[in-house]
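Okay, structure first, notes after.
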There are 2 protein chains.
Amino acid sequence: MTAGSVSTPAKGRQRVNRGSEAIRSRLVESALSEFAARGFGGASTRSIASRAQAHQPQINYHFESKDELWRACLELLLAELDAAITERTQNVDSDDQMGTFEAIIRGLVTFASRRPELNRIMMHEGTEPSERLSWLVTTHLQWRFDDLRIRWEELTATATVAPLRGELLYHVLLGAACLLYANAPEASLLGLQPNDDSAVAAHADSLVAMFLGTSGP
Amino acid sequence: MTAGSVSTPAKGRQRVNRGSEAIRSRLVESALSEFAARGFGGASTRSIASRAQAHQPQINYHFESKDELWRACLELLLAELDAAITERTQNVDSDDQMGTFEAIIRGLVTFASRRPELNRIMMHEGTEPSERLSWLVTTHLQWRFDDLRIRWEELTATATVAPLRGELLYHVLLGAACLLYANAPEASLLGLQPNDDSAVAAHADSLVAMFLGTSGP
DNA sequence: GTCTATAATTAGATAGAC
DNA sequence: GTCTATCTAATTATAGAC
């Protein structure tokens with residue numbers, strides 16, 4: 001445990017106290033790892049709590065339910081994804097649509113490699129309708145899908161890129177960029193080292209070439 | 001245990017009797033659907049049996065365990081995949097490496113679209129090491145991975161195709177070809193109709209163009 | 001806020017009548 | 001082969017002492 005987290009009561013006015021945030025953060029980090037590995041139904045709150053060095057009822061104290069804990073995981077991961085993308089696009093002239101799209105592709109690959117949990121969870125959840133999936137799509141995914149599609153269609157109209165419909169771009173790109181890392185345990189058994197730095201860079205280069213047609217330098 | 005081992009002995013010589021095969025087949029079909037939707041840990045044998053109009057203990061009678069039922073599902077699905085690919089490659093001159101690879105891509109997309117369960121199960125299982133995953137990789141996946149990689153590297157040496165390392169081909173192609181269908185429930189919520197015939201054909205055309213560089217006819 | 005105990009439900013697997 | 005009943009273990013959530 002971190003300093004001062006144990007038994008002092010909350011005295012914050014608008015904020016929960018620091019101890020609360022520390023345990024909440026540990027629980028979220030542990031939970032996203034378990035949800036990513038086993039899916040929502042396969043993950044157990046006991047195992048999540050144990051990995052966070054906490055007791056199982058603390059999950060229901062700090063979060064309303066297993067469902068709410070899952071939502072907290074996704075909001076953290078999506079915020080990290082946005083940060084990773086923005087970090088790359090902000091260095092590109094926003095009028096440069098091609099350069100911006102290239103930055104997005106490179107950001108996606110890099111993020112998928114070092115934080116595979118987001119894509120793992122999305123692949124688990126996408127296989128069956130559920131309240132969780134509806135919440136995820138309407139709250140967080142739909143606008144990202146629309147944004148990427150519009151960027152792609154604008155690019156298609158003004159430059160020579162891969163011949164791919166706007167509706168297909170999202171899943172084709174995400175699948176090509178993320179499956180290797182989402183299924184890294186499988187890739188390892190196949191003899192690969194998917195997170196090797198030079199392999200990640202080569203992967204991103206290939207996708208930039210295949211989607212944006214920049215095969216030569 | 002194998003067939004006929006439990007109480008009443010099988011009277012078939014080389015084959016189990018017909019009734020057995022009918023219920024086994026219903027259980028496998030039901031199980032692969034549940035494993036695909038919820039993952040191994042999320043699927044329940046009661047629900048699988050109920051969908052097959054059977055009782056839960058019949059799973060342990062006809063299969064050794066939930067694990068063995070899962071293996072039976074994967075052997076069925078992989079046999080169907082092989083049939084779908086062979087159906088397309090057998091009409092191509094086997095010396096035509098480019099044409100053969102194109103047939104493989106089209107076969108993968110078509111199969112992923114009409115039988116998404118195989119890719120769903122593989123995406124679920126690939127996120128965490130397990131005995132199931134090790135069995136799947138060593139028994140069924142490794143040789144497919146090697147075969148595809150060798151075909152790709154031969155193609156790379158003799159023709160102009162996408163600039164993509166052999167180690168990356170498998171996951172990049174499968175991700176680009178299968179994620180849309182594996183995550184069809186998510187795609188539907190995003191407003192897509194991934195299994196629309198013309199969309200599947202356009203998807204396959206795009207992948208052929210992006211990987212094999214056949215953008216013009 | 002933490003932690004023990006436990007409630008209420010569900011899991012996979014088995015025993016034994018038929 | 002089928003089906004009821006049941007065993008053992010694991011699940012999420014809650015109650016209440018501290």
Side-chain angles (χ1 to χ4, degrees), chain A residues 1-12 15-28 30-31 34-35 37-73 130-132, chain B residues 1-12 15-28 30-31 34-35 37-73 130-132:
Chain A
M1 317 226 179
T2 32
S5 70
V6 184
S7 59
T8 338
K11 65 162 182 246
R15 285 176 82 62
V16 193
N17 73 35
R18 287 300 165 78
S20 255
E21 293 192 5
I23 180 67
R24 274 183 64 103
S25 163
R26 289 210 312 281
L27 286 170
V28 166
S30 166
E34 294 261 329
F35 289 140
R38 302 177 196 180
F40 183 84
S44 97
T45 55
R46 273 188 162 75
S47 170
I48 291 167
S50 151
R51 188 195 295 231
Q53 291 174 291
H55 292 91
Q56 181 256 344
Q58 289 180 267
I59 287 177
N60 293 86
Y61 177 79
H62 289 283
F63 301 87
E64 181 177 304
S65 63
K66 188 184 179 184
D67 262 88
E68 281 305 312
L69 174 59
W70 181 89
R71 282 173 164 78
C73 292
S130 70
E131 288 245 328
R132 291 188 306 280
Chain B
M1 332 186 168
T2 34
S5 66
V6 185
S7 56
T8 325
K11 68 163 185 247
R15 285 175 82 63
V16 193
N17 73 38
R18 286 299 165 78
S20 257
E21 292 194 4
I23 181 66
R24 272 183 66 103
S25 164
R26 288 209 313 280
L27 285 170
V28 166
S30 166
E34 294 261 328
F35 288 140
R38 304 178 194 178
F40 183 84
S44 98
T45 55
R46 278 187 160 78
S47 169
I48 291 167
S50 150
R51 189 195 293 231
Q53 291 174 292
H55 292 90
Q56 181 256 344
Q58 289 180 267
I59 287 177
N60 292 86
Y61 177 79
H62 289 282
F63 301 87
E64 180 179 303
S65 62
K66 189 184 179 185
D67 263 89
E68 281 305 312
L69 174 58
W70 181 90
R71 282 173 163 79
C73 291
S130 69
E131 289 247 326
R132 292 188 306 282

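Just so it is clear, the model here is predicted, and its values are computed rather than measured. By convention in this document, chain letters (A, B, ...) are assigned in the order of the sequence lines, proteins followed by strands, and residues within each chain are numbered from 1.
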Rounded to whole Å, the CZ-C1' distance (A:R38 to C:dA11) equals 15 Å

*Phosphate oxygens OP1/OP2 of D:dG1: is one of them under 4.0 Å from a side-chain N or O of B:S20?*
yes

> Below 4.5 Å, heavy atoms only, C-beta onward: do B:F63 and B:R24 meet side chain to side chain?
Replying inline: yes

Taken to the nearest whole Å, CD/B:E68 to C1'/C:dA13 is 15 Å

The reported gap from CG in B:L27 to CD in B:Q53 (rounded to nearest 0.5 angstrom) is 11.0 Å

Comparing A:Y61 with B:S65, nearest DNA chain C nucleotide closer to 5' gives the residue A:Y61

With B for base contact, S for sugar-phosphate-only contact and - for none (protein heavy atoms under 4.0 Å), nucleotides 3-10 of chain D reads SBBB----

Taken to the nearest 0.5 Å, the spacing of A:W70 CH2 from A:F40 CZ works out to 8.0 Å

Rounded to whole Å, CZ of A:F35 lies from P of D:dT11 at a distance of 13 Å

What one should report as the nearest heavy-atom pair of A:E34 and A:R51 is OE2-NH2, 2.8 Å

Atom pairs under 3.5 Å, N or O on each side, protein against nucleotides 16-18 of chain D: can you list them with distances?
none

At under 4.0 Å between heavy atoms, what does A:A49 touch on the DNA or RNA strands: base, sugar-phosphate, or nothing?
nothing

From CZ of B:F63 across to P of C:dG12 the rounded distance in Å is 15 Å

The reported gap from OG in A:S47 to CZ in A:R38 (rounded to nearest 0.5 angstrom) is 5.0 Å

Ranking D:dA13, D:dG1, C:dA13 by distance to the side chain of B:N60, first place goes to C:dA13

Check: A:H55 main-chain N/O paired with A:Q58 side-chain donor or acceptor under 3.5 Å:
yes

query = Can you tell me if B:R46 uses its side chain to pair, donor with acceptor, with the backbone of B:Q56 under 3.5 Å?
reply = no

Output for pair (A:E68 CD, A:C73 SG), nearest 0.5 Å, gives 11.0 Å

When rounded to whole Å, the CD to P distance for the pair B:E34 and C:dG12 reads 10 Å

Secondary structure of DNA chain D per the Watson-Crick/G-U criterion (both distances under 3.5 Å; [ ] crossing, | other strand, . unpaired) is |||||||.||||||||||

Here the distance between atom P of C:dG12 and atom CZ of B:R132, to the nearest Å, is 12 Å

Rounded to whole Å, CG of B:L27 lies from P of D:dG1 at a distance of 12 Å

Between the NE2 atom in A:H62 and the OG atom in A:S25, the distance rounded to the nearest 0.5 Å is 11.5 Å

- prompt: Is the backbone of A:I48 close enough, under 3.5 Å, to the side chain of A:S30 for a donor and an acceptor to pair up by distance?
  reply: yes

Here the gap from A:L69 atom CG to A:E64 atom CD, rounded to the nearest 0.5 Å, amounts to 12.0 Å

Here the distance between atom P of C:dG12 and atom CG of B:D67, to the nearest Å, is 11 Å

Sub-3.5 Å donor-acceptor pair from the side chain of B:K66 to the main-chain atoms of B:N60, do we have one?
no

